[in-house]
Amino acid sequence: MYEQKTKETDHSVVEFIEQVDSLKKREDAYRLLEIFEETSGFPAKMWGPSIIGFGSYHYRYATGHEGDAPLVGFSPRKAKISLYFAPGDEKREELLPSFGKHTAGKGCVYINKVADIDVEVLKQLIRESIAFLNKTYPAQS
């Protein structure tokens, strides 16, 4: 059976950020922490060894594969900062052209620094991702 690698942990978010080598990236991580917590309304939690996630949802694919993931998150990686939003959300594609300097993959958006982006668009991306995932994967009671 498949074992999900990226799980919520009880590791300290602040300790993780303090381990980031670059002072500028550390400062950006604290700024993102503030933006994501304020905008999402969720406290920061570590997911796996290097993702700072906010909120969570349970997904189940048609293949039967299922698991839990953060609604949104980020990781201050060595090369770039990875921002995690909902894959498949068309609204994300509408917002990205006005986001600022970035590159995008399936589920990630990569930035060099917070100064390169429009923070208001980031907040919209966070809110939209959460709304999309809550609609796509409604909580089971």
Side-chain angles (χ1 to χ4, degrees), residues 1-22 24-141:
M1 179 157 170
Y2 173 79
E3 175 75 22
Q4 186 175 340
K5 289 185 188 116
T6 306
K7 296 180 186 174
E8 185 178 319
T9 72
D10 59 0
H11 295 112
S12 166
V13 170
V14 171
E15 283 179 23
F16 170 69
I17 292 173
E18 285 300 317
Q19 299 301 315
V20 173
D21 288 339
S22 160
K24 183 66 186 133
K25 215 165 241 150
R26 220 172 19 250
E27 289 170 351
D28 277 349
Y30 280 118
R31 177 75 177 112
L32 289 169
L33 178 64
E34 181 183 298
I35 293 165
F36 273 80
E37 277 190 331
E38 180 184 296
T39 307
S40 73
F42 294 102
K45 303 274 187 171
M46 289 303 301
W47 285 74
S50 61
I51 296 173
I52 301 169
F54 303 82
S56 67
Y57 69 100
H58 185 79
Y59 61 86
R60 178 176 292 139
Y61 298 140
T63 61
H65 173 77
E66 64 181 294
D68 297 301
L71 290 165
V72 290
F74 72 93
S75 183
R77 305 213 184 261
K78 233 179 203 29
K80 292 183 182 277
I81 298 170
S82 300
L83 306 174
Y84 300 96
F85 302 114
D89 182 9
E90 293 176 13
K91 189 78 171 165
R92 180 184 95 156
E93 303 313 312
E94 294 172 23
L95 290 167
L96 284 178
S98 57
F99 185 50
K101 188 177 174 185
H102 73 281
T103 56
K106 184 178 177 186
C108 293
V109 174
Y110 306 97
I111 64 170
N112 289 318
K113 56 188 182 285
V114 174
D116 287 344
I117 62 168
D118 183 325
V119 170
E120 290 309 310
V121 175
L122 172 60
K123 291 176 182 180
Q124 286 181 275
L125 285 162
I126 293 167
R127 286 190 291 267
E128 178 55 37
S129 186
I130 291 169
F132 175 81
L133 288 169
N134 284 333
K135 187 174 76 182
T136 306
Y137 301 101
Q140 305 294 313
S141 41

Participant: Would you say Glu66's side chain and His58's backbone share a donor-acceptor pair under 3.5 angstrom?
Facilitator: no
Participant: Taking all non-hydrogen atoms of both residues into account, name the closest pair between Ser40 and Phe54 and its distance.
Facilitator: OG-CB, 3.6 Å
Participant: So how far is it from Phe132 CZ to Glu90 CD, rounded to the nearest 0.5 Å?
Facilitator: 8.0 Å
Participant: Please report the interatomic distance CD1(Ile51) to NZ(Lys45), rounded to the nearest 0.5 Å.
Facilitator: 16.0 Å
Participant: Looking at Gly100, is its backbone amide N or carbonyl O close enough to the side chain of Asp118 to form a donor-acceptor pair, meaning the two atoms are under 3.5 Å apart?
Facilitator: no
Participant: Please check: side-chain N/O of Thr39 versus main-chain N/O of Lys123, any donor-acceptor pairing under 3.5 Å?
Facilitator: no
Participant: What are the two closest non-hydrogen atoms of Tyr59 and Asp68, and how far apart are they?
Facilitator: CE2-N, 3.8 Å
Participant: So which pairs with a foot in residues 70-94 pass ring-ring contact (aromatic ring centres under 6.0 Å, His included), sequence neighbours left out?
Facilitator: Phe36-Phe74
Participant: Keeping Ser129 on the side-chain end and Ala86 on the backbone end, is there a donor-acceptor pair under 3.5 Å?
Facilitator: yes
Participant: When rounded to the nearest 0.5 angstrom, what distance separates CG in Leu83 from CG in Leu122?
Facilitator: 6.5 Å
Participant: Which value, rounded to the nearest 0.5 Å, describes the distance between Glu128 atom CD and Ile130 atom CD1?
Facilitator: 10.0 Å
Participant: Using a strict threshold of under 4.0 Å (side-chain N to carboxylate O), is an ion pair present between Asp116 and Lys113?
Facilitator: yes
Participant: Counting neighbours of CD on Glu93 that are heavy atoms of other residues, nucleotides or ligands and sit closer than 6.0 Å, is the number greater than 12?
Facilitator: yes
Participant: Nearest 0.5 Å, what's the CZ-CG distance between Arg127 and Leu95?
Facilitator: 10.0 Å
Participant: Any salt bridge (charged side-chain N to carboxylate O under 4.0 Å, His left out) involving residues 71-82? Give me the pairs, sequence neighbours left out, ordered by first then second residue.
Facilitator: Asp21-Lys78
